[in-house]
Amino acid sequence: MSIEPDLLQENESAAYEIARLRVQRWLTKQQAQAQTASYSNVAELAREAMTFAHEEDFLTAEMLLETALDLISTFKDSPLEPSSPKTASAFSSSTKKAFWQWQPEALAGVDLSRLEYDFGSEDADEFLAELQQSSAQNNANPFAGVRVNLSRAGAAPWDLRASSLLKASAEYYNGAFDFAAHSAASQETNWRVENRWEATSYRDTSGLRYWQNTSVLLGGIKLGRQFRLEVGEEFRVRQYRSAAQFSPNYRHNEIGLRATYAGGFATRVQALYEYGVRAHPSSPRDDYLEHRFEASLAQHSFAGATVYVQNIWRRRIYPLGIPDSTFQNTYREEYLRADVTLGLSGRTAVRLEGELTLRQYETPSVFTPDFFNARLNPKVQIKLWQDWQASAGYIFLLQANGKQTPASTDAALTNGFYEDYYANGFTLGLDFFSTSGLLFSASHVFEARIYPDSQLDAAAAFNPNPNRNNNSFLLFLSWQIDRHW
């Protein structure tokens with residue numbers, strides 16, 4: 001069924017958003033320690049997770065954020081101090097004894113997910129009826145579950161973490177087991193091993209069930225005082241109970257090489273190359289190879305100004321794709337992201353977020369036209385009280401597609417879904433970050449989207465892209481009632 005990919009993506013996107021907010025809470029609370037190596041490592045993982053989320057790889061993004069949360073948990077018992085070649089890590093002292101720690105957690109609540117709706121020239125009563133139905137059926141998902149965390153740290157030159165999760169909700173059942181081990185004592189070399197197994201079963205009529213296992217291996221060495229070189233591999237297997245066209249089984253393998261330059265604790269420059277292969281045993285036309293180059297710069301100052309710039313170039317190759325009649329079309333893509341924050345005072349800051357994407361296909365078609373996409377979001381952030389932060393800003397969107405001549409009647413119908421558009425709107429946000437375990441985040445995005453080439457005449461039988469206003473709401477609430485639960 002065509003709804004299956006949306007179900008998976010929605011579930012993984014919600015999990016990523018929850019983890020992102022938890023990491024953001026810690027980064028906000030530790031702003032005064034932004035010059036430390038510990039803070040920089042967590043911020044780097046958060047930025048890398050955002051990159052994968054932009055590519056809609058929410059699973060990898062969530063795993064990176066879970067790694068960041070693991071690092072945060074090791075900082076609770078020790079202050080965040082800048083590291084140096086003569087300083088050992090928190091668990092490297094031979095005078096410390098190894099210890100085990102376990103923590104059970106009870107989970108309960110309601111997933112509201114993201115509520116989105118459009119309204120344009122349709123009848124108001126019909127619109128309100130659809131909105132009410134959407135709110136009741138697609139956005140309320142009560143859940144309950146339990147999670148157990150187990151960790152080991154101490155005299156050994158490595159730390160260990162494991163966790164298990166069982167969760168039941170109105171929409172799906174989910175179970176997961178995580179295992180991670182990483183070096184703790186040496187600063188000249190580092191390594192990390194991770195494995196995550198999970199299974200999900202949806203309760204709706206789609207009958208979607210799958211299990212997935214992801215393994216990660218990473219090793220690195222320090223070259224001098226400011227350079228570090230790392231090599232890593234990730235292997236992922238996803239298996240569906242009933243594989244279908246829109247949910248095929250696959251195996252994904254990825255290797256990468258990263259070089260990092262750290263100019264003190266305020267500047268970090270990175271270069272990364274990754275090579276990935278995805279194979280689908282039952283649908284080889286979906287197989288692809290991908291080359292990915294990335295360069296990024298992160299800069300932080302004591303005055304509260306931060307700059308992050310990232311550039312990604314990738315080329316995805318579908319050896320068996322048929323570009324003139326499918327979406328499996330070889331392409332190259334250029335992606336540029338910038339995030340700049342300027343602190344005006346202790347309570348007020350101006351932040352500018354921008355993204356540019358240029359994709360060019362080897363054989364452009366009505367199914368896969370070349371396109372240019374831009375997003376710009378300047379906003380003002382205000383610290384209302386000690387734990388409350390509000391934001392308000394302007395948002396601009398632009399999508400320009402390459403023009404293709406339809407080769408058939410069916411292609412002509414498809415061509416209408418790729419029209420150029422631009423949008424103006426505003427964003428609002430309210431966040432509460434408390435060290436007591438309470439986390440609240442609410443945001444609203446409004447867009448007035450215009451399609452300049454849209455068919456406006458009344459004689460048009462079908463218009464897939466009428467001018468419309470888009471509203472998107474996101475509400476998240478998390479409360480740790482007790483320090484152990």
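On a predicted model such as this, the values are computed, not experimentally measured, just so you know.
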Can you list the steps and then say if Thr267 with Gln299 is a side chain to side chain donor-acceptor pair (under 3.5 Å)? CA-CA 5 Å; Thr267 303; Gln299 177 76 40; 2.6 Å; yes
Please walk me through it: do Leu376 and Leu352 pass side-chain contact (heavy atoms from CB on, under 4.5 Å)? CA-CA 8 Å; Leu376 186 65; Leu352 174 62; 3.5 Å; yes
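- Counting all heavy atoms, side chain and backbone alike, Arg251 lies closest to Pro281 at NH1-CG, 3.2 Å.
- Residue Pro319 comes nearest to Asp287 through the heavy atom pair CD-O, 3.6 Å, listed as atom of the first residue, atom of the second, then distance.
- Distance check: Asp431 CG to Ser443 OG gives 8.0 Å after rounding to the nearest 0.5 Å.
- At least one side-chain heavy atom of Leu160 sits under 4.5 Å from a side-chain heavy atom of Phe179.
- Across all their heavy atoms, Asn373 and Gln399 have their closest contact at ND2-OE1, 2.7 Å.
- Atom-to-atom distance recorded for Asn149:CG and Ser163:OG is 5.0 Å, nearest 0.5 angstrom.
- Nearest heavy-atom pair across Asn190 and Ile221 is OD1-N, 4.2 Å.
- No cation-pi contact links Arg314 to Tyr335, judged by a cut-off of 6.0 Å to the six-membered ring centre and 45° from its axis.
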Apply the test side chain to side chain donor-acceptor pair (under 3.5 Å) to residues Gln310 and Glu294: give CA-CA distance (whole Å), side-chain angles for both, the deciding distance (0.1 Å), then the verdict. CA-CA 7 Å; Gln310 178 187 49; Glu294 176 185 339; 2.8 Å; yes
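- A donor-acceptor contact closer than 3.5 angstrom is absent between the side chains of Ser391 and Gln381.
- A side-chain donor-acceptor contact under 3.5 Å links Asp370 to the backbone of Tyr361.
- One finds no salt bridge joining Arg278 and Glu290 here, because no Lys/Arg side-chain nitrogen approaches an Asp/Glu carboxylate oxygen to under 4.0 Å.
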Under the salt bridge (charged side-chain N to carboxylate O under 4.0 Å, His left out) criterion, do Glu198 and Arg196 qualify, and how do the steps go? CA-CA 7 Å; Glu198 67 170 306; Arg196 176 183 176 87; 3.8 Å; yes
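- Glu334 CD to Ile312 CD1: the interatomic distance, rounded to the nearest 0.5 Å, is 9.5 Å.
- Heavy-atom contacts from other residues, nucleotides or ligands closer than 6.0 Å to CZ of Arg209 number 12 or fewer.
- A donor-acceptor pair is defined here as one N or O able to donate and one able to accept, closer than 3.5 Å; such a pair exists between the side chain of Arg203 and the backbone of Ser169.
- Nearest heavy atom pair, residue Pro248 against residue Ser283, reads CB-OG, 3.5 Å.
- In this structure, CG on Leu397 lies 10.0 Å from CD on Glu355, to the nearest 0.5 angstrom.
- Residues Leu344 and Val380 are not in side-chain contact: their nearest non-hydrogen atoms beyond the backbone lie 4.5 Å or more apart.
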Output, in order, the C-alpha distance, side-chain angles, deciding distance and verdict of salt bridge (charged side-chain N to carboxylate O under 4.0 Å, His left out) for Arg161 and Asp178. CA-CA 8 Å; Arg161 175 193 62 83; Asp178 293 89; 5.0 Å; no
Show your working on side-chain contact (heavy atoms from CB on, under 4.5 Å) between Phe235 and Asn213 and close with a plain yes or no. CA-CA 8 Å; Phe235 182 71; Asn213 191 81; over 6 Å; no
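- With values rounded to the nearest 0.5 angstrom, Tyr261 atom OH is found 14.0 Å from Leu223 atom CG.
- Between Trp313 and Phe293, the two ring planes are tilted [angle within 30° to 60°].
- When all heavy atoms are compared, the tightest approach of Leu430 to Ala390 is CD1-CB, 4.2 Å.
- You'll find the side chain of Tyr288 stays beyond 4.5 Å of the side chain of Gln328, heavy atoms only.
- With respect to the salt-bridge test (charged N to carboxylate O, under 4.0 angstrom), the residues Arg192 and Glu194 qualify.
- For the atom pair CZ of Arg236 and CG of Asn253, the computed distance is 11.0 Å after rounding to the nearest 0.5 Å.
- Contact of the Asn249 side chain with the Val237 side chain is not registered, since no non-hydrogen atoms from C-beta on lie closer than 4.5 Å.
- With contacts defined as side-chain heavy-atom distances shorter than 4.5 Å, the pair Glu353/Tyr308 does not qualify.
- For the pair Arg315 and Thr330, the minimum side-chain heavy-atom distance is below 4.5 Å.
- Here the side chains of Tyr210 and Thr200 are in contact, with some heavy-atom distance below 4.5 Å.
- Counting only distance, with no hydrogens or angles, the side chain of Arg359 and the backbone of Glu333 share no donor-acceptor pair below 3.5 Å.
- Using a 4.5 Å cut-off on side-chain heavy atoms (C-beta onward), Asn311 and Val309 make no contact.
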